Amino acid sequence: WVGAGVTVGATLGGSGTCIAVENTYYRPDAYILTCRHVISGPVGSTVQIPGSGSARITGYSIRFAHGSETFEATFVAVDREDLGILKIRPYGQVPSVPVASRAPRKGDAICQVGFPAGLGLTTRAGTCVGYRALGRTPSMLVSFEIRSGDSGSGVFLTEEKALCGV
């Protein structure tokens, strides 16, 4: 359910954590959430790399933490506030997480699950301490430290055991 990494194209070589979310409609595709800056844009687009010039995105691949199989992913969308969506067409069922029925309230217990900086599975527990404006979307403030490499990690509402943020 939590991807050990999204690998972005051979020429770009970036990576980050991703989460497969429950698909409530009967479709063969699995939808994957991560951060926009992890996937940058659609295949064929050119992105600027600070200090290195530009690179062309050649593709995306996803490997989930529970196995060694790699799936080719298709770009779906990104938004201005840093959410990225990919999809894969798995050969079978992809373990996925439910999406929370509500946003966390101030004081709610939450936890973060991901693979920061290429390390193994890492979790951090804490609380929602509020929200602040980030563009047109409120950004959740958390009581635990967010470190470099945490991009794309899932934030879960503890009482529902469900995804409430990326």
Side-chain angles (χ1 to χ4, degrees), residues 1-9 12-25 29-55 57 60 62 65 73-88 96-119 121-166:
W1 53 277
V2 178
V6 176
T7 302
V8 182
L12 193 56
S15 66
T17 301
C18 63
I19 298 107
V21 294
E22 282 186 351
N23 187 349
T24 56
Y25 303 101
D29 300 325
Y31 287 87
I32 311 298
L33 300 180
T34 190
C35 288
R36 179 194 67 193
H37 70 270
V38 170
I39 61 174
S40 303
V43 171
S45 64
T46 301
V47 293
Q48 295 301 314
I49 303 171
S52 300
S54 63
I57 297 175
Y60 303 99
I62 295 174
T74 304
F75 176 86
V76 175
V78 293
D79 73 1
R80 288 186 232 162
E81 278 75 32
D82 205 25
L83 180 66
I85 304 170
L86 300 171
K87 72 177 175 179
I88 61 173
S96 59
V97 297
V99 176
S101 66
R102 64 174 180 84
R105 296 180 198 101
K106 188 174 181 180
D108 279 348
I110 56 174
C111 68
Q112 178 193 32
V113 179
F115 291 84
L119 302 173
L121 182 65
T122 302
T123 62
R124 285 188 216 102
T127 59
C128 172
V129 296
Y131 292 87
R132 72 177 170 97
L134 178 66
R136 294 180 291 164
T137 304
S139 181
M140 186 185 342
L141 302 174
V142 298
S143 64
F144 46 83
E145 179 184 10
I146 303 296
R147 296 179 284 200
S148 176
D150 282 336
S151 296
S153 296
V155 178
F156 294 83
L157 183 58
T158 304
E159 73 179 49
E160 292 188 18
K161 296 180 179 82
L163 185 71
C164 64
V166 176

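Along the sequence shown, residues are numbered consecutively beginning with 1. Keep in mind that what you see is a predicted model, and the values were worked out from it rather than measured.
A search for side-chain contact (heavy atoms from CB on, under 4.5 Å) contacts involving Ala100 returns Leu157, Glu160, Ala162, Cys164, not counting sequence neighbours. Every residue meeting the side-chain contact (heavy atoms from CB on, under 4.5 Å) condition with Ser143, not counting sequence neighbours, appears here in chain and number order: Thr127, Val129. Remark: Pro138 pairs with Tyr131 by the side-chain contact (heavy atoms from CB on, under 4.5 Å) rule, at least two apart or across chains. Residues passing the side-chain contact (heavy atoms from CB on, under 4.5 Å) test with Ile146, sequence neighbours excluded: Gln112, Val142, Phe144, Asp150.
Shortest non-hydrogen contact noted between Ile85 and Tyr31 is CG2-CD2, 4.1 Å. The two residues Thr34 and Leu83 make their nearest non-hydrogen contact at O-CD1, 3.6 Å.
One distance of note links OG1 of Thr74 with CD1 of Ile88; it measures 9.5 Å at 0.5 Å rounding.
Just one of Thr123, Thr122, Val155, Val97 meets the side chain to side chain contact (heavy atoms under 4.5 Å, CB included) condition when paired with Val113; it is Thr123.
Checking side-chain atoms of Ser151 against main-chain N and O of Cys35 turns up no donor-acceptor pair under 3.5 Å.
Sorted by first and then second residue, the pairs that involve residues 98-109 and meet salt bridge (Lys or Arg N to Asp or Glu O under 4.0 Å), not counting sequence neighbours, are Arg102-Asp108, Arg102-Glu159.
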